Structures are given as C-alpha cells and as structure tokens.
Amino acid sequence: MTHPDTQPPFLVFGAPCIEEAEIAEVEACLRSGWLGTGPRVAQFERDFAHWRGVLPSQVAAVNSCTAALHVSMVAANLEPGSEVITTPLTFCATVNAILHAGLTPVLADVDPVTQNIDPDAIEAAITPRTRAIVPVHFAGRPCAMDRIMAIANKHGLTVIEDCAHAIESEFQGQPVGTFGDFGCFSFYVTKNVVTGEGGMILGRDEERIARARILALHGMSKDAWHRFGDQGYRHYQVVECGFKYNMMDLQAAIGIHQLARVESNWQRRRQLWQRYDEALADLPIGLPAHPAEGTRHGYHLYTVMIDAARCGVDRDSFLDATNAMGIGTGVHYLSVPEHPYYQQRFGWRPEQWPVAMRLGRQTVSLPLSPAMSDEDAERVIDALPSVLRA
C-alpha cells in the first residue's frame with residue numbers, strides 16, 4: 001500500500017523517450033567493437049538526409065549543435081571580425097559559436113508574440129560589416145523565413161539557421177534548415193530527436209559540407225572509419241586546422257531509432273500541447289501563441305509567461321513552488337545580455353532589447369516530452385492553480 005504522504009516520482013523536464021530498439025542498437029554497437037565514427041553514423045546521416053529530402057552529401061553529423069554552428073561559420077568563409085546578427089532570446093551557445101568563429105555577434109530584438117527574431121530588427125541592425133544572420137527557430141516555431149531570406153538576398157548575407165528546437169518544423173511547406181546556406185540541428189538529451197549529445201549540419205552547397213566534415217575531425221582528409229576499415233590502414237593528410245567535433249556510433253545507435261519515431265513523437269507532443277492549451281486557458285498566465293497558418297510547429301518547448309502583477313507570484317517563486325511539488329520546469333531563456341560575460345565583454349545591457357528582456361524574466365517551460373503520460377500532464381495542470389494562488 002502506498003503511504004498517503006508519498007509523493008509521485010519527480011517529473012523530469014524534457015525526459016527523453018528511450019525504447020527497446022535504441023537499447024538493443026547500443027548493445028549491438030558495443031558488441032561490434034566499433035564505438036567511434038563509423039557505419040552507424042553513416043546510416044544516421046543517410047536516414048536524416050532522406051527524411052529531409054536532401055542528398056547524403058549535404059549533411060554531416062557532429063557531436064553537438066554548437067559544433068554544427070561553429071563549423072558552419074568557418075565553412076562559410078566569413079571574414080574575421082564580421083558582424084553576425086542573431087537573437088538575444090536564445091541559449092548562450094548561439095552567441096558563443098559566433099565568437100569561437102572569430103566573428104562579432106550583433107543582437108536584434110524578438111517579436112513579442114512569436115518570440116522569434118524580428119525581421120524589422122534585423123534590418124535595423126545591418127551595417128557595412130554585417131555578413132550573416134543566424135535565426136533561431138525558438139521553441140519549435142519557425143522564423144519568418146520569407147522575410148529573413150529577402151533581407152539576406154538584398155544585402156548578400158549568409159544565413160545559418162539554428163534549428164536546435166525545430167527538427168520537424170516547416171515554414172510554408174518547406175522544412176527549416178533548408179532555407180539558408182546551413183541548418184544546424186541538436187540531438188541533446190532534451191531535444192525532439194535524442195542521441196545524448198549530438199548535432200547535424202545540413203547545407204545547400206555540397207562542397208561546403210565536405211569541408212565542414214573535414215573541419216569536424218581535426219581537418220583530416222579521411223575519417224577513422226576509412227583509415228581503419230576492412231581495406232586496412234590508409235594514410236590521412238591534415239588539410240586544415242580542424243576540431244574534434246565528430247559524432248560516435250554509440251550516439252548514432254540511439255539516433256537511428258529516435259529518427260524513425262520522429263513523427264509519432266511529434267504527434268504525442270502536439271497532443272500534450274493541445275491539452276495544456278485547453279486546461280490552462282483560464283489561468284492568469286501567458287500561453288504560447290498558436291502556430292501560424294502555413295507553418296508546422298515543432299512543439300519543442302511549452303513556454304508560459306508569469307507576470308507577477310497578473311499571477312500574484314513572480315517567475316522565480318513559481319519555479320521554486322513547482323519544483324517543490326515534484327514538477328521539473330525550465331527557463332528558456334534569460335536573454336543573452338542578462339549574463340555577466342557578455343555585459344563585461346560588449347557592454348550589453350538587457351534594456352537595449354526590451355522585448356527579449358521582458359520575456360526572459362517571465363518565461364517558464366512546462367514539462368513536455370513524448371515520455372509523459374496523460375497522468376503526468378494532469379499533475380502539471382492540477383498543480384498550477386495552487387501555485388498561482390500562493
């Protein structure tokens with residue numbers, strides 16, 4: 001018998017949905033003796049390319065979306081110090097990748113409804129030194145890629161899409177990541193397709209992707225699979241000063257089966273999203289905007305806005321209360337200029353990007369994962385009124 005005071009297990013935010021197929025594939029990978037970059041990575045790349053409707057030569061698997069962003073910027077041949085426009089409402093990795101590539105980040109504020117970068121703000125931020133735009137498809141909602149690409153074409157700018165939240169997202173029937181010169185995807189443990197750590201670069205230009213692939217493994221002309229394969233050792237040449245960004249077969253073993261279930265997992269997240277929409281409509285919190293017509297939302301983050309004046313509780317107290325009730329919530333994100341490093345390096349202040357500042361100080365991401373049961377969702381729904389009355 002369960003003791004009446006026993007709490008249910010802690011509801012982990014963004015818990016991955018791992019099934020027996022992934023477990024069996026990882027075991028088979030371990031027994032094969034091939035753990036590093038090899039046949040399973042190659043299969044994962046082929047599967048991803050087929051699913052996105054591009055050639056296998058247009059994708060390259062790496063060990064994170066951060067690596068994908070960094071390598072894409074290097075492969076794009078942007079001059080050192082060039083300005084790259086991106087959003088202040090993103091994870092620090094977006095800006096850090098710009099810095100690691102020797103480029104200069106420039107922030108353009110977000111639209112208050114979509115929470116994506118505002119095309120008008122992009123236009124206002126362009127200078128003679130601007131060379132690229134990095135739009136982030138925040139929470140799975142596609143950016144206004146028609147307007148962004150029009151701006152890029154007008155000014156001759158490279159576009160590198162940050163699709164970490166948006167593997168299934170589409171804008172006007174076209175998958176995100178296929179508009180710009182590069183699309184960068186994440187397979188981190190909380191993402192919609194999981195490999196634990198991992199990423200993918202998708203590129204329009206096959207030569208640039210070939211260069212990205214070389215850059216991702218030390219700048220070597222041949223990867224380990226080809227050097228130590230069935231045909232015996234082959235010499236390699238270092239043709240660039242590259243990085244250690246390759247994906248392992250152990251990671252791809254998980255991703256192969258995650259990708260096979262990408263649509264069914266998307267459907268489950270959509271069901272949970274719609275349940276939240278219905279159940280939370282009368283609460284004094286801000287809910288995510290409905291997906292725009294002609295788009296496909298990735299349903300990655302269900303972000304609510306906690307305005308202390310309306311809710312009777314501030315955002316951080318809300319986080320503490322839900323955590324105490326065994327419900328894991330997240331913050332996506334404090335705006336980039338809230339962080340000390342960027343303030344000290346660039347003199348940025350959050351007030352310079354007021355929409356991102358307000359959203360970053362109010363946002364809470366509720367649990368959303370295909371691993372969640374209907375009962376899990378009801379736990380979240382039932383908890384919120386009592387938190388808001390606190």
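Note that the structure is predicted; figures quoted are calculated from it, not measured.
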In the hydrophobic cluster built from side-chain contacts under 4.5 Å, what are the other members alongside Phe182?
Val62, Leu69, Val71, Met73, Val74, Leu78, Val84, Ile98, Leu103, Val134, Ile160, Ile201, Ile209, Leu215, Phe243, Tyr245

I'd like to know if the side chain of Arg296 and the backbone of Gln172 have a donor-acceptor N/O pair within less than 3.5 Å.
no

Taking the side chain as every heavy atom from C-beta outward, state whether Glu170 and Val176 have any atom pair closer than 4.5 Å.
no

Run the salt-bridge test on Asp374 and Arg268 with the 4.0 Å N-O cut-off and return the result as yes or no.
yes

Linking I/L/V/M/F/W/Y whenever any side-chain heavy atoms sit under 4.5 Å apart, do Tyr342 and Val106 land together?
no

Hits for side-chain hydrogen bond (donor to acceptor under 3.5 Å, both in side chains) against Gln352, two or more places apart or cross-chain, chain-then-number order -> none

Got Ile18 and Ile254 here, is their nearest side-chain heavy-atom distance under 4.5 Å?
yes

Verify the distance criterion only: is there a donor paired with an acceptor across the side chains of Glu168 and Asn192 at less than 3.5 Å?
yes

Show every salt bridge (charged side-chain N to carboxylate O under 4.0 Å, His left out) that has at least one partner inside residues 65-90, sequence neighbours left out.
Glu79-Arg131, Glu83-Arg129

Determine whether the aromatic ring centres of residues His332 and Phe13 are separated by less than 6.0 angstrom.
yes

Residues pairing under ring pair (Phe, Tyr, Trp, His ring centres under 6.0 Å) where one sits in residues 281-309, two or more places apart or in two chains, turn out to be His165-His300, Trp266-Tyr299, Trp273-His297, Trp273-Tyr299, Trp273-Tyr302, Tyr276-Tyr302, His297-Tyr299

State, without any angle test, whether Glu19 and His257 hold a side-chain donor-acceptor pair at a distance under 3.5 Å.
no

side-chain hydrogen bond (donor to acceptor under 3.5 Å, both in side chains) partners for Arg261, two or more places apart:
Glu22

Does the side chain of Glu206 come under 3.5 Å of the side chain of Ser57 through a donor N or O and an acceptor N or O?
yes

Do we see a donor-acceptor contact under 3.5 Å between the side chains of Gln43 and Arg46?
no

Same hydrophobic cluster for Ile117 and Met149, using side-chain heavy-atom links shorter than 4.5 Å among ILVMFWY?
yes

Decide whether Thr322 and Thr329 meet the rule of one side-chain donor and one side-chain acceptor closer than 3.5 Å.
yes

For residues Met325 and Ser386, determine if any side-chain heavy atom of one lies less than 4.5 Å from a side-chain heavy atom of the other.
yes

Would you find more than 12 non-hydrogen atoms of other residues, nucleotides or ligands less than 6.0 Å from Glu207 atom CD?
no

Counting neighbours of CG on Asp282 that are heavy atoms of other residues, nucleotides or ligands and sit closer than 6.0 Å, is the number greater than 12?
no

CZ of Phe91: more than 12 outside heavy atoms within 6.0 angstrom?
no

Are any of the side-chain nitrogens in Arg213 or Glu240 under 4.0 Å away from the carboxylate oxygens of its partner?
no

Cationic N near anionic O, under 4.0 Å, Glu27 to Arg31
yes

Start with the C-alpha distance between Asp205 and Arg211, add both sets of side-chain angles, then the distance that settles salt bridge (charged side-chain N to carboxylate O under 4.0 Å, His left out), and finish with yes or no.
CA-CA 10 Å; Asp205 187 309; Arg211 185 183 177 206; over 6 Å; no

Transitive ILVMFWY side-chain link Met145 to Ile126, under 4.5 Å:
yes

Please report whether the ring centroid of Phe187 lies less than 6.0 Å from that of Phe44.
yes

How about Ser317 and Asp320: does a side-chain donor come under 3.5 Å of a side-chain acceptor?
no

Any salt bridge (charged side-chain N to carboxylate O under 4.0 Å, His left out) involving residues 96-121? Give me the pairs, sequence neighbours left out, ordered by first then second residue.
Asp120-Arg147

